[in-house]
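Naming convention: chains lettered A, B, ... in sequence-line order (proteins, then strands); numbering from 1 in each chain.
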Protein chains: 2
Amino acid sequence: MSSFRYFYTIFRVEQIDYFMDEAEQNRCENCIVRQFNSLRAMSKAELKKVSDSKVTKKIKKGEALFEEGDKLDGVFCVREGVSKLSKLSSNGKDQIIKLASKGEVMGQRSVIAEEYTNLSAVAVSDMEVCFIPKDSIVHTLSKNPDFAIEVLRHMAHDLKEADDVIVNMSQKTVKQRIAEAFVYLKNNYGEDDQGFLKLTLSREDIANVVGTATESAIRIISEFKKKGMIKTSGKKIGVLNEKLLQDLIEGF
Amino acid sequence: MSSFRYFYTIFRVEQIDYFMDEAEQNRCENCIVRQFNSLRAMSKAELKKVSDSKVTKKIKKGEALFEEGDKLDGVFCVREGVSKLSKLSSNGKDQIIKLASKGEVMGQRSVIAEEYTNLSAVAVSDMEVCFIPKDSIVHTLSKNPDFAIEVLRHMAHDLKEADDVIVNMSQKTVKQRIAEAFVYLKNNYGEDDQGFLKLTLSREDIANVVGTATESAIRIISEFKKKGMIKTSGKKIGVLNEKLLQDLIEGF
DNA sequence: TCGAAAAGATGACAATTATCATGAATTATT
DNA sequence: AATAATTCATGATAATTGTCATCTTTTCGA
């Protein structure tokens, strides 16, 4: 029964791909990504409006979607690739607050609060995103309570995650935080066929995720490698012994 | 003109106090605290429903409102006093994520996401809170988009603050974070007539706010005192030279 | 494909922060 | 008011983390 269901799902997706031309595929109503975010609570008509006003953009690795302090006139919905959301600290270092990938919506906080954004978004891999002007979002928010609640749920979830990050940052050692980052990257973005993490971050980005100096991150990566917890090849990193990492995270 | 306004505000509050009996005063419709939180977007009828189902509680300093992992059947609206919202780290230390005071609503994240709460709430001063069962909140959320948007705005604001905390925690030194805490306490809770912070936290709580060991916090407090930045009397702390603190925070 | 630029790696050292121990001061309890 | 229990304070020391310098490797553009 469950294998039948799985087949059925695959079949439907392929069917959609097969029978639609590209313009049709790119419409929000048919966007698979939507399953993962609040847009699923929109009605057909609302989605149509969103789709008609959206713009799809390709962003190259390293390019910025927006910068801290920008006024955002809409939100970005990630179709493909990963973006880092970071904030510049007064000491000149970037702190990466969050990584956003397929299905995630960026900039909604700023649009909802009608404030300048407090974060910068830079692509860490080639991306495809949809820019959705805020009008259609804000309008739906005030007309469709289901949508508002769905956005609220997402925001509540983000807030909980932020709490966890705060605790990790202040109570865990740099070593623990780096170990945690690798386990996170493995579980959320997966590994390639040779066992390396699919999402490759520079050592500097890793340092900025865990809030430490680049040299400290590099040193700890070397140490993990020596201990057989991970392997490296250029800037690629692969988890070899997740249990050892997990033990370290838990403080053994 | 501005002094007239001030007088007018005072007058109105006193008038309300004067003409209403206690039961009447305790109704949400008349609650002054409401001006500060999302409840202000509720209609008269909705407020009445909330008020009829709410329970007012007095909480003594040190008592818990709820514990991490509890299932909350409603939210707490703070009428008086201050509560710390904290999370236990795996190393056994408490991290204080936020201080909630007059007008703030606690537990809404958990109620909205329908999850167990990720934080504990313990009173750091004697408190008076209203417990509002979740039904009336959730119901209004799905019927009144203005209320949903108002809650959304609050949550968006909290999320931004959380981002700032993350950056502070990971990029600033313990000394800077403690300095920041004192400035924050001064600006948000004020000083008594002798220039001491109105909200008195134990050294341990201060350490848990900035995420450091209690001894480190104490040591830094002693240092600040020696340098004339603050004064102490028992566990009370007073800011003597805010500029020095500010310079330290900014990294000079 | 060569050479410059960027990113990664490591040593030496300094600064920051945590931990353990111990004593003084304050607060709570009987 | 006396005593117990917390909380505050400080020294000694160790562990962690940051900074600066230098070298190697990788990446990228002309």
Nearest-neighbour nucleotide for the [X] side chain, [options] considered:
{"X": "A:Ser202", "options": "C:dA18, C:dG8, D:dC8", "value": "C:dG8"}
{"X": "A:Thr212", "options": "D:dC20, D:dG18, C:dT19", "value": "D:dG18"}
{"X": "A:Ser216", "options": "D:dG18, D:dC8, C:dG8", "value": "D:dG18"}

Flag if over 12 foreign heavy atoms under 6.0 Å of NZ, B:Lys231: yes
[X] has an atom [atom1]; how far is it from atom [atom2] of [N], in whole Å?
{"X": "A:Lys175", "N": "D:dG18", "atom1": "NZ", "atom2": "C1'", "answer": "15 Å"}
{"X": "A:Lys172", "N": "D:dT16", "atom1": "NZ", "atom2": "C1'", "answer": "17 Å"}
{"X": "A:Gln176", "N": "D:dT16", "atom1": "CD", "atom2": "P", "answer": "10 Å"}
{"X": "A:Glu223", "N": "D:dA15", "atom1": "CD", "atom2": "P", "answer": "14 Å"}
{"X": "B:Arg203", "N": "D:dT7", "atom1": "CZ", "atom2": "C1'", "answer": "9 Å"}
{"X": "A:Asn91", "N": "D:dT17", "atom1": "CG", "atom2": "P", "answer": "17 Å"}
{"X": "A:Ile221", "N": "C:dA7", "atom1": "CD1", "atom2": "P", "answer": "15 Å"}
{"X": "B:Lys93", "N": "C:dT19", "atom1": "NZ", "atom2": "C1'", "answer": "9 Å"}

Base of C:dG8 paired with side chain of A:Arg219 (donor-acceptor, under 3.5 Å): no
Heavy-atom check, side chain of A:Leu201 versus side chain of A:Ile96, under 4.5 Å: no
From B:Val75, B:Leu65, B:Leu119, B:Thr117, residue fulfilling side-chain contact (heavy atoms from CB on, under 4.5 Å) relative to B:Met106: B:Leu65
Charged N-O contact under 4.0 Å between A:Asp247 and A:Lys243: yes
Residue mapping more 5' on DNA chain D - nearest nucleotide basis, A:Gly211 or A:Lys235: A:Gly211
Residue closer to the 5' end of DNA chain D, A:Lys61 versus B:Ser222 (nearest nucleotide): B:Ser222
Between B:Glu250 and B:Gln246, a side-chain donor and acceptor under 3.5 Å: yes
Comparing B:Gly234 and B:Val174 on DNA chain C - which has the more 5′ nearest nucleotide: B:Val174
